[in-house]
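Below, all heavy atoms of this structure are taken into account, side chains as well, without hydrogens, waters or symmetry copies.
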Amino acid sequence: MRAINKSRISSIQELLHKDHRSKEAMVNIGLSGLSRVITIISHLLIVSLTIHYLNQERYGIWLTLSSIIGWITFFDLGLSNGFRNRFAEAKALGNLSLAKQYLSTTYFALSAIVVTAFIVAIITNCFINWSDVLKVSDSYQKELNFVFSVVLTFTSINMIANIFISFLAADQKIGLASIIQALGQLLSLFSVYILSKTTEGSLTYLALFFSGIPCIVVLLVSVIAFRFSRYKIYRPTYKEVNFKLIRSICNIGVQFFIINICMIFIFEIVNIVISRELGVRQVSVYNITNKYFNVVYMSVIALISPFWSAFTDAYTKKDFTWMKKVYSKLYIGLSVIFLIHIVMIFISKYCYFIWIGDTMDIPYDVTTAMAISVFVQTYGVINMYLINGIGYVRLQTILYVIFALIAWPLFVLSCRWGIIGIISIPALVYLTQGIFGNIQLHKIINDKATGIWKK
């Protein structure tokens, strides 16, 4: 009888834990959804304001330069993602001391990396002629070097501050993290609006306020949280730094790092290729269509993000039943997203006009190509996020390395078909990743993964 009672108690506790995980995910989805609505609206308004503030050519320059600077965020050796998984595992096992050490160690290690990368990038900037790189007028040269330094500074600070965002995600509080980021986006919108009313189009002013405000918001919130909230027990200190844990974080983190580096060559060079091969104005056309469909993609990210760390927790405890249930529901949502994309194609002309006025003409074939690309990206990211949470990213790493090696010649070749040709390359990558990811996840959640599928 006692054995039966213990078994029942154990079953009830397991059920309650499953319900708690699902409830936590739903709360996070709700908060993430709210923040994404705020972020999407802010983002759309910022794009419209910025285009009118700078004009199409300067906006294209801004997009290209800021995307290049954004590359530094990929050079964190995968520590943020590695930390997220290791912290979630430690907490799932109830090891609070280990979780605290992971946080402090990550802050220390990433700070060392960022400072080194910042110094190298600042020195390199002194010898780069950005006008030649982007193939724009020499009159921009002095301003572009200064803008690079400003955005680089805030980007570097933000990389360290964003460990707090990864910490919240690992603690399955992705909804709270999203709210903080949405606040930064709202304040950025307000600052761009003020700039548009008080100054002439200036890349320098835009760099200072647009890059600086979100960084300051995350930094302030993290300081307050670690000093005055329940998170003060995790407050990073040097005495909690454990250099032995760096290897543990990097075991998976290095694979994320390799993936990130490959993503630079596959996705982040797009603006440079377009600027050099098709002209800087076409950078604006590409990015406007991409941001248009990103409204749906960002909503999907809000939905899927809470399940990264939830899958870490579930897989650590071998809760395959819950994982199968979530996975099947996420895939049902793909058909809805497909229908939304079709509707967006048909109403795109009207939406573009309402959004950015008559500042540029975007053909239906470009819009359709981008719709297909972003849908395939959505298909891929659903698999990618869940696999990342589980931590078996070796296959994903191999695929990205292969595509990174052939990305540049593919992009140059695709320029023969204009923007549509360029759009097809990222779509091909995400489709391949999605197909292999789907196969891998089926094997994992059915506990049949072996070999490369379980590395």
Side-chain angles (χ1 to χ4, degrees), residues 38-70 130-131 134-137 139-140 143-144 146-148 150-151 154 184-214 268 270-276 278-298 344-345 347-364 366-367 369-371 373-374 418-419 422-423:
I38 296 172
T39 300
I40 288 169
I41 293 174
S42 300
H43 191 65
L44 293 175
L45 291 175
I46 286 173
V47 170
S48 179
L49 284 171
T50 307
I51 290 176
H52 288 92
Y53 177 60
L54 295 177
N55 73 39
Q56 185 179 347
E57 182 180 31
R58 293 171 73 86
Y59 180 64
I61 294 171
W62 165 254
L63 288 173
T64 307
L65 188 64
S66 57
S67 69
I68 293 173
I69 297 168
W130 288 109
S131 296
L134 304 182
K135 287 192 174 180
V136 296
S137 170
S139 61
Y140 289 113
E143 184 179 22
L144 290 180
F146 182 73
V147 168
F148 182 92
V150 171
V151 179
F154 285 123
Q185 192 78 4
L186 265 178
L187 293 175
S188 290
L189 170 62
F190 180 72
S191 68
V192 174
Y193 175 76
I194 296 298
L195 286 176
S196 67
K197 296 297 181 182
T198 58
T199 66
E200 294 297 325
S202 169
L203 289 170
T204 300
Y205 287 147
L206 187 65
L208 284 168
F209 289 92
F210 186 78
S211 302
I213 289 177
E268 299 300 320
V270 173
N271 287 334
I272 297 177
V273 173
I274 296 174
S275 178
R276 292 181 62 85
L278 304 179
V280 71
R281 289 177 177 270
Q282 293 303 308
V283 175
S284 298
V285 173
Y286 175 89
N287 279 273
I288 287 297
T289 53
N290 183 263
K291 292 178 189 300
Y292 175 62
F293 289 102
N294 258 358
V295 170
V296 180
Y297 180 73
M298 289 170 70
M344 290 180 72
I345 292 172
I347 65 173
S348 60
K349 288 286 185 181
Y350 304 101
C351 292
Y352 290 145
F353 181 77
I354 293 171
W355 182 21
I356 60 174
D358 57 357
T359 55
M360 64 183 74
D361 180 55
I362 301 175
Y364 270 116
V366 174
T367 298
M370 187 61 75
S373 179
V374 176
I419 292 181
I422 290 176
I423 291 172

Residue pair L278, I419: steps toward the side chain to side chain contact (heavy atoms under 4.5 Å, CB included) verdict: CA-CA 8 Å; L278 304 179; I419 292 181; 3.9 Å; yes
Partner residues of Y286 under the ring pair (Phe, Tyr, Trp, His ring centres under 6.0 Å) criterion, sequence neighbours left out: none
Under the ring pair (Phe, Tyr, Trp, His ring centres under 6.0 Å) test, residues paired with Y352 that sit two or more places apart: Y292
Residues forming a side chain to side chain contact (heavy atoms under 4.5 Å, CB included) with [X], sequence neighbours excluded:
X    : result
I194 : F190, T198
N290 : N294, M370, V374
V273 : I269, E277, W408, F411, C415, I422
L203 : L54, R58, I61, W62, E143, L144, V147

Check: S373 side chain, A369 main-chain N or O, donor-acceptor pair, under 3.5 Å: no
So which heavy atom on [X] is nearest to which on [Y], and how close?
X    : Y    : value
I362 : K349 : O-NZ, 2.8 Å
G184 : P214 : O-CG, 4.0 Å
Y53  : S196 : CD1-CA, 3.7 Å

Stepwise side chain to side chain contact (heavy atoms under 4.5 Å, CB included) test for S191 and F210: CA-CA 7 Å; S191 68; F210 186 78; 5.5 Å; no
[atom2] on [Y] to [atom1] on [X], rounded to 0.5 Å:
X    : Y    : atom1 : atom2 : value
I354 : S48  : CD1   : OG    : 11.5 Å
L195 : T50  : CG    : OG1   : 9.0 Å
I423 : T289 : CD1   : OG1   : 5.0 Å

Heavy-atom neighbours of Y193 OH exceed 12 at 6.0 Å: no
Heavy-atom side-chain proximity of I51 to I288 below 4.5 angstrom: yes
